[in-house]
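These notes concern the structure reproduced below.
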Amino acid sequence: MLKKRAQELLVAAFEALQIPVSAETIRLEIPRQEFGDLATNVALTLAKRLRKPPRAIAEQIAEVLRTMAEDLAQVEVAGPGFINLRFTPQFYHQMLRQIVGQGAQWGRHQAEHPLSVNVEFVSANPTGPLHLGHGRNAAIGDTLANLYEWMGHTVVREYYFNNAGNQMRMLALSIYARYRQLLGDADYPLPEDGYRGEYITDIARSLVEQYGDQLRQGTEEQLQLIQKKGEEWCFRMIRQTLDRIGVQFDVYFNEDRLYTEGKIEEVIALFRQKGLVYEKDGALWLKLTAVGRPQDRVIVKSTGEPTYRLPDIAYHREKFERGYDVLIDVFGADHIATAEDVKAALAALGYDVSRLKVILYQFVTLLEDGKPVKMSKRSGKTYTLDTLIDEVGADVVRFFFLMRSVSKHLEFDLNLAREQSEKNPVFYLQYAHARIASIFRKMDERGIAISEAAMMEGIEQLQQPEELALIKELARFPEVIEAAATAAEPVILADYLRDVATAFHRFYHQHPVLGADSPLREGRVALLHATQTTLRNGLAILGVSAPERM
RNA sequence: GCGCCCGUAGCUCAGCAGGAUAGAGCAGCGGACUUCUAAUCCGCAGGUCGCAGGUUCGAAUCCUGCCGGGCGCGCCA
């Protein structure tokens, strides 16, 4: 709200001076406090074009701003040619009234052109429990989906999985081996690359309970049954885990559909038409080098089965055909090469891949006592997402996965996460919310009821620096949501909420609310409402709870 | 060897469509609870922004090269 207003003013000032400047070139930033509320370097960037010293340009603009804008308390030219702006308390009061007036909707955007967005994330195959990487994926994907919704778009959360392929076969064989062992064949070997997690034995045990030794022979038919049971079990596990961190999907897309509905064949036919495939060594190759990729890839093996790349392409084409305006993929960093291939292939088929945004997040390392926790898929010694949630709670899990930028390697410090104290950054935010809730409880106890009208009246009493600083922080909320959504970086919101909490704690420490005299008291209650709403909404976007008490 | 990501305070990280004395949190040191939750607040200390060049009036930010770390480069997914 702040920046928008400042931008309007600057545009008007330039118009008055008859200097043509597009709104986008006017960038505003929040400078150190002593400089003001907002600062802009337009004069510096315009200096070359106008062939005038930056300070002279700045002075000219400042002059106009001072005469025209009643919202501005101070306009200063400083340093090499910055224009520093300071708003009047009345302007802040007006903003706070707007925030209070919007209530629970505060922060929500109304998109001029609402888009339909598909966010695909997690997409783990049902062969075992989710791990830490999936956790980061889930937290990022769900938060991005929330951000787009708050931007006024329509979002479909989608999970893509494959329940055919080799890994599912391996799941069946692994379960079967454990099943035989449970039936007394202690030496029955687990397949070479079999799954070794304990859950395999759990599944086998459930089969013993349900079928006794009826599956002992391991016929094809029986293995298929085992596989189906295994898949169902794993999916149930996965969904339960996701549910614990508040993640739910609208669509579960089974890769199998691409085959039964002929989508795979369609894609191959299209590639053939465009001359983008050729046969070599009995396999079908996709000519990716023709579309700017470093190497060609096999898409149908000599055995006749497609490699994973082909269904990937077909799946993305299918999503494009469903007519979304924007497609988001959330992938681990190990998908770089394939994601680029898929994009190039789709571009070759004529799809507008600028609408496809691939979010690649870097890996997660679990740290305990300052040392990385070793994990090995082979031995089944992995740290599951469920274990992590058991240990530190869903809120901490979600927040920790979001508090680093997506492109950065994430160190998940178990000791810090376990810490139920002030050291843990999640609690800092939640505590601010709980403190406010506590004041409202006190109000109830003391029978104090304050109408919205009274709050609006009282707002003009807010003159203290801590009060104005808090309003200023709150007013950024919609811009922060937009920035986080645009950059696809939840950390922007997470950092912002910490700033809000800080501004609140400072205010709280300095100024009593219920102890203040009317109408200041009412004004401060309004400030509390706005702060609580901001925290609650922000935390909701991150998928973290906003507790009433701690 | 090639591609992508990263290298900022003791630790974990912001800042990176170039701009004013480089910011947080944690750890360290020192303060603040008879008042709405001290899971809080205030202060001090801590940095050749990996290294070397280049572009610019101005570079942590852009370009090049090097060094270091992660992830990829299958007829595995």
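Predicted model, so just to flag it, every value in this text is computed and none were measured. Chain letters run A, B, ... following the sequence lines, proteins first, then strands; residues in each count from 1.
Nucleotides B:C5 and B:U48 place their C1' atoms 26 Å apart, quoted to the nearest Å. Atom name C1', nucleotides B:G3 and B:A45: the rounded distance is 44 Å, in whole Å. Taking the C1' atom of each, B:G19 and B:A27 are spaced 34 Å apart, rounded to whole Å. B:C33 and B:C42 have their P atoms separated by 15 Å, with the value rounded to a whole Å. Between B:G70 and B:U8, the two P atoms lie 15 Å apart (nearest whole Å). Between B:G7 and B:G30, the two C1' atoms lie 34 Å apart (nearest whole Å). A distance of about 12 Å separates the P atoms of B:G54 and B:G58, rounded to the whole Å. Annotation: B:A22 and B:A60 have their C1' atoms spaced 8 Å apart (nearest Å).
Distance CG (A:Asp334) to P (B:G72): 6 Å, rounded to an integer number of Å. To the nearest angstrom, C1' of B:C11 lies 11 Å from CG of A:Leu416. A straight line from CG of A:Leu286 to C1' of B:G74 spans 15 Å, rounded to a whole angstrom. A:Ile336 has its CD1 atom 16 Å from the C1' atom of B:G74, to the nearest Å. In this structure, A:Tyr361 places its OH atom 14 Å from C1' of B:G70, rounding to the nearest Å. Between the P atom of B:A27 and the CG atom of A:Asp413 lies a distance of 12 Å, rounded to the nearest Å. Taking atom NE2 on A:His335 and atom P on B:C76, their separation rounds to 16 Å, with Å as the unit. Protein atom CZ of A:Phe363 is 9 Å distant from nucleotide atom C1' of B:G72, rounded to whole Å.
Among the heavy atoms of the strands, none lies under 4.0 Å from A:Asn424. Using a 4.0 Å heavy-atom cutoff across all strands shown, A:Gln295 reaches sugar-phosphate atoms only and no base atom. Using a 4.0 Å heavy-atom criterion, one finds that A:Asn162 contacts the sugar-phosphate atoms exclusively.
Taking the centre and axis of the six-membered ring of A:Tyr508, the NZ or CZ atom of A:Arg435 falls inside the cone set by 45° and 6.0 Å.
With 3.5 Å as the limit, one finds a donor-acceptor pair spanning the side chains of A:Glu522 and A:Ser518. For the residue pair A:Arg398 and A:Thr143, a side-chain donor N or O sits within less than 3.5 Å of a side-chain acceptor on the partner. Defined by atom type and a distance below 3.5 Å, a donor-acceptor pair is missing between the side-chain atoms of A:Glu368 and A:Tyr383. Counting only N and O atoms by type, the side chains of A:His511 and A:Glu467 include no donor and acceptor under 3.5 Å apart. With hydrogens and angles left out, the side-chain atoms of A:Glu419 and A:Asn424 include no donor and acceptor closer than 3.5 Å.
Atoms CD1 and CG, on A:Ile30 and A:Asp499 in that order, are 9.0 Å from each other to the nearest 0.5 Å.
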Review point. For RNA chain B, what dot-bracket results from Watson-Crick or G-U pairs at under 3.5 Å, with [ ] for crossers and | for inter-strand partners?
Key: ((((((((.[[[[.)...(...]]]].(((((.......))))).....[[[[[..)....]]]]])))))))....

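Annotated as anti: B:A38, whose O4'-C1'-N torsion sits more than 90° from 0. The glycosidic torsion of B:C33 lies within 90° of 0, which places this base in the syn conformation.
For the pair A:Lys287 and A:Asp296, the salt-bridge criterion is not met [side-chain N within less than 4.0 Å of a carboxylate O]. Salt bridge status for A:Arg476 with A:Glu473: present, with a side-chain N to carboxylate O gap under 4.0 Å. Taking 4.0 Å as the cut-off between side-chain N and carboxylate O, A:Glu265 and A:Arg272 do not count as a salt-bridged pair.
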Exercise for review: At under 4.0 Å between heavy atoms, which parts of nucleotides 34-41 of chain B does protein reach? Answer with one letter per nucleotide, 5' to 3': B base, S sugar-phosphate only, - none.
Suggested key: --BBSBBS

**Study point:** Under 4.0 Å protein heavy-atom contacts per nucleotide of nucleotides 12-22 of chain B, with B for base, S for backbone only and - for none
**Key:** SSS--BSBBB-

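Checked against A:Asp329 for a side-chain hydrogen bond (donor to acceptor under 3.5 Å, both in side chains), the options A:Lys319, A:His335, A:Lys343 give a single hit: A:Lys319.
Between A:Val300 and A:Thr307 there is no side-chain heavy-atom pair separated by less than 4.5 Å.
Checked against the 6.0 Å centroid criterion, the rings of A:Tyr315 and A:Tyr160 qualify as a close aromatic pair.
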